[in-house]
Colleague: 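Dropping the structure in here first, questions after.
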Amino acid sequence: MKIRTVLTAFLGILALAWAWDALVLNPMAGDWPWVVRKQAIYLSGVWAMGLMSLVMILATRPAWLEPALGGMDRIYRLHKWAGILAIVLGALHWLLELGGGTLRALIGAAVNKPPKVAVLDFMTSSHGLAKDVGEWVIYALLVSLVITLWKAFPYKSWRLLHRVMPLLYLALVFHSVALTPLAWWTQPLGLIMGVLMLAGSLSAIPALRQRIGRRRRHAGRIESVRALPAGITEVTCAMDAGWPGHRAGQFAFATFDPREGAHPYTIASADSADARRLTFQIKALGDYTRDLAQRLEPGRPVQIEGPYGRFDHRRGDARQAWVAGGIGITPFLAWLESLQARPDSAPQAQLHYCVRDAAHDPFIERLRTLCAALPHITLHVHDAGAGQRLDAETLRRAADVRPGDALDVWFCGPAGLAKHLEAGLRSLGLKDVPVHREAFEMR
């Protein structure tokens with residue numbers, strides 16, 4: 001399910017509940033410009049608070065939502081965009097609240113201004129405090145949004161700041177409860193918002209206690225560490241008996257150092273019930289991962305949370321194209337390894353591996369060996385250093401498809417390459433070809 005579809009449906013339900021109150025149950029009296037402003041304040045507040053509640057629920061990594069949303073990577077993508085949209089709508093809500101003076105200057109004072117609405121009795125005295133709290137939280141959220149979008153900001157510092165989010169959310173719950181019209185609580189809008197804020201508040205508790213994903217955590221030990229070319233560190237972990245196993249293509253959160261916290265990595269090996277081993281191929285993308293080979297050593301304890309994800313070629317058509325960009329090859333390594341014992345179960349697939357420098361790539365020889373044992377899978381290496389670029393026409397020719405033919409594209413790699421290929425497929429008349437992308441971006 002697409003993120004845009006989920007957000008549109010979510011906001012649509014909240015808008016319908018608001019409209020039922022505004023137009024049917026409690027139509028507001030007063031001069032229309034002031035009524036419109038007041039209702040816009042309510043709607044933007046409902047949308048912002050509803051999305052913030054959704055953000056808190058998704059932050060708990062609800063594995064039960066993976067089938068509906070397409071995997072934990074997409075849950076995190078929804079979490080990210082719901083948060084961004086919530087902050088934007090929260091800022092709009094705040095600006096509309098401040099806009100009374102501007103409206104008065106434009107059209108004059110209201111002759112028939114909408115009356116003040118009653119709130120919960122025990123919250124009446126907190127009205128002013130709730131407004132101040134809401135304003136200061138908006139300031140804090142706007143700062144957090146800038147930091148989140150500023151990729152140069154260190155991940156470790158961002159993660160520490162992100163821990164404050166549950167407290168900011170609970171402050172917004174206080175703001176909302178104190179200012180929500182009393183009549184709403186027994187009507188559809190109030191009931192929906194009450195359930196969302198209760199679920200969000202309950203979700204904030206494990207987040208504050210750093211217990212998210214606790215039931216899916218498993219102990220293990222590092223078995224081996226190897227520094228590979230191109231800044232890759234290969235880490236193999238031997239898991240304890242409690243590890244439930246994984247499907248090829250899934251990922252997990254690995255904690256090598258409790259002070260550093262958990263980081264998500266694709267599991268680059270097939271499941272082995274006997275050995276219970278996991279292999280991660282970790283690209284140096286920051287200060288922590290750059291020195292990982294020197295930081296880790298065999299025998300060191302590790303905590304693995306998961307597995308998560310729904311990146312699984314078995315859900316696709318019999319004819320497929322697999323596209324990997326750089327370290328995005330990791331789920332395909334696991335797929336190829338898992339098919340070695342059952343070569344005939346492999347789909348008819350063209351594996352396209354896009355690399356910067358094929359001469360120094362650590363995975364090409366292994367890919368060739370794995371693909372040699374799988375007659376239905378053909379490997380294509382696209383070496384950017386030699387001027388070889390993958391485009392939609394190359395993808396189409398390799399798969400030998402035309403408009404109307406069945407094909408599934410499975411993609412893991414840079415978002416720019418994915419967008420380029422999707423646009424190219426549309427231009428070739430292959431707009432109905434599904435492109436399954438692993439949305440592996442947790443910030």
Side-chain angles (χ1 to χ4, degrees), residues 61 63 66 71-77 79-80 155-156 158-159 212-213 216-240 243-272 275-298 300-312 324-338 362-363 366 411-415 437-443:
R61 298 201 271 271
E66 283 198 287
M72 190 59 65
D73 55 326
R74 295 193 175 275
I75 288 176
Y76 260 80
R77 189 171 177 82
H79 167 88
K80 171 185 174 179
Y155 175 83
K156 186 174 183 179
W158 172 82
R159 187 174 62 85
I212 289 176
R216 298 176 70 88
R217 295 176 189 170
H218 307 278
R221 290 191 174 277
I222 296 175
E223 191 171 77
S224 65
V225 180
R226 284 201 306 154
L228 303 179
I232 306 294
T233 301
E234 181 185 87
V235 182
T236 300
C237 303
M239 302 303 297
D240 291 349
W243 175 250
H246 70 281
R247 297 188 305 272
Q250 289 189 298
F251 69 92
F253 289 85
T255 302
F256 299 120
D257 183 348
R259 295 171 298 179
E260 181 66 25
H263 287 257
Y265 304 114
T266 298
I267 302 171
S269 56
D271 184 50
S272 175
R276 292 193 301 275
R277 285 187 177 86
L278 305 178
T279 297
F280 301 103
Q281 304 288 354
I282 303 170
K283 177 74 172 178
L285 298 174
D287 294 340
Y288 178 69
T289 50
R290 189 177 297 116
D291 301 327
L292 200 59
Q294 289 73 45
R295 294 171 183 262
L296 303 183
E297 56 188 19
R300 184 172 180 169
V302 63
Q303 187 178 80
I304 304 295
E305 180 195 329
Y308 296 110
R310 302 268 295 174
F311 196 70
D312 190 342
I327 197 61
I329 193 63
T330 47
F332 300 107
L333 286 170
W335 285 4
L336 294 171
E337 190 175 306
S338 70
F363 303 121
R366 182 180 173 193
F411 179 91
C412 186
R437 292 170 57 184
E438 188 177 45
F440 207 74
E441 186 175 0
M442 300 302 175
R443 175 181 172 180

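Because the structure is a prediction, the values reported are computed rather than measured.
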Colleague: Quick one: CZ on R277 to CD1 on I267, what's the gap to the nearest 0.5 Å?
Modeller: 15.0 Å
Colleague: Please find the pair of heavy atoms, one from M239 and one from A219, that lie closest to each other, and give the distance.
Modeller: CE-O, 3.5 Å
Colleague: CD/E438 to CD/Q250 distance, rounded to the nearest 0.5 angstrom?
Modeller: 10.0 Å
Colleague: Who are the side chain to side chain donor-acceptor pair (under 3.5 Å) partners of Q303, not counting sequence neighbours?
Modeller: none
Colleague: Do any N or O atoms from the side chain of E66 and from the backbone of M72 form a donor-acceptor pair under 3.5 angstrom?
Modeller: yes
Colleague: Are the side chains of Y265 and T289 in contact, using a 4.5 Å heavy-atom criterion?
Modeller: yes
Colleague: Working note: E223 + V235, criterion side chain to side chain contact (heavy atoms under 4.5 Å, CB included); need CA distance, chi angles, decisive distance, verdict.
Modeller: CA-CA 8 Å; E223 191 171 77; V235 182; over 6 Å; no
Colleague: Between T266 and F280, is any pair of side-chain heavy atoms under 4.5 Å apart?
Modeller: no
Colleague: Any side-chain heavy-atom pair from L278 and I304 closer than 4.5 angstrom?
Modeller: yes
Colleague: Quick check: do P229 and F363 have side-chain heavy atoms less than 4.5 Å from each other?
Modeller: no
Colleague: Under 30°, 30 to 60°, or over 60°: which ring-plane class applies to H246 and W243, parallel, tilted or perpendicular?
Modeller: tilted
Colleague: Would you say K283's side chain and G328's backbone share a donor-acceptor pair under 3.5 angstrom?
Modeller: no
Colleague: Please evaluate residues F256 and I222 with respect to the criterion side chain to side chain contact (heavy atoms under 4.5 Å, CB included), reporting the C-alpha separation (whole Å), side-chain torsions for both, the decisive distance (0.1 Å), and the verdict.
Modeller: CA-CA 9 Å; F256 299 120; I222 296 175; 4.0 Å; yes
Colleague: If I compare all heavy atoms of P331 with all of G249, which pair ends up nearest, and what's the gap?
Modeller: CB-CA, 4.0 Å
Colleague: Is R310 paired with D312 through a side-chain N to carboxylate O contact shorter than 4.0 Å?
Modeller: no
Colleague: Who passes salt bridge (Lys or Arg N to Asp or Glu O under 4.0 Å) against E337, sequence neighbours left out?
Modeller: R366
Colleague: Could you state the interatomic distance from CG (L228) to CD1 (I282), rounded to the nearest 0.5 Å?
Modeller: 10.5 Å
Colleague: Just jot down the salt bridge (Lys or Arg N to Asp or Glu O under 4.0 Å) partners of R74, sequence neighbours excluded, or say none.
Modeller: none
Colleague: Please answer whether the main-chain N or O of Y76 pairs with a side-chain N or O of R61 as donor and acceptor at a distance below 3.5 Å.
Modeller: no
Colleague: Compare every heavy atom of D257 with every heavy atom of R300, then report the nearest pair and how far apart it is.
Modeller: NH2-CB, 4.0 Å
Colleague: What are the two closest heavy atoms between T279 and S269, and how far apart are they?
Modeller: N-OG, 3.0 Å
Colleague: Can you tell if the side chain of T255 reaches within under 4.5 Å of the side chain of V302, non-hydrogen atoms only?
Modeller: no
Colleague: Mind listing the closest non-hydrogen atom pair of Y308 and A63 along with its distance?
Modeller: CE2-CB, 4.3 Å
Colleague: Which residues satisfy the side chain to side chain contact (heavy atoms under 4.5 Å, CB included) test with A334, sequence neighbours excluded?
Modeller: A248
Colleague: Could I get the full list of salt bridge (Lys or Arg N to Asp or Glu O under 4.0 Å) partners for R290, not counting sequence neighbours?
Modeller: D287
Colleague: Using 30° and 60° as the class boundaries, would you call the ring planes of F251 and F253 parallel, tilted or perpendicular?
Modeller: perpendicular
Colleague: Between OG1 of T330 and CD1 of I232, what distance do you get to the nearest 0.5 Å?
Modeller: 9.0 Å
Colleague: Nearest 0.5 Å, what's the CD-CZ distance between E234 and R226?
Modeller: 4.0 Å
Colleague: Using side-chain heavy atoms (C-beta onward) and a distance below 4.5 Å, is Q281 in contact with I327?
Modeller: yes
Colleague: Could you check if a side-chain atom of E297 sits within less than 4.5 angstrom of a side-chain atom of V225, using non-hydrogen atoms only?
Modeller: no
Colleague: By salt bridge (Lys or Arg N to Asp or Glu O under 4.0 Å), which residues pair with R216, not counting sequence neighbours?
Modeller: none
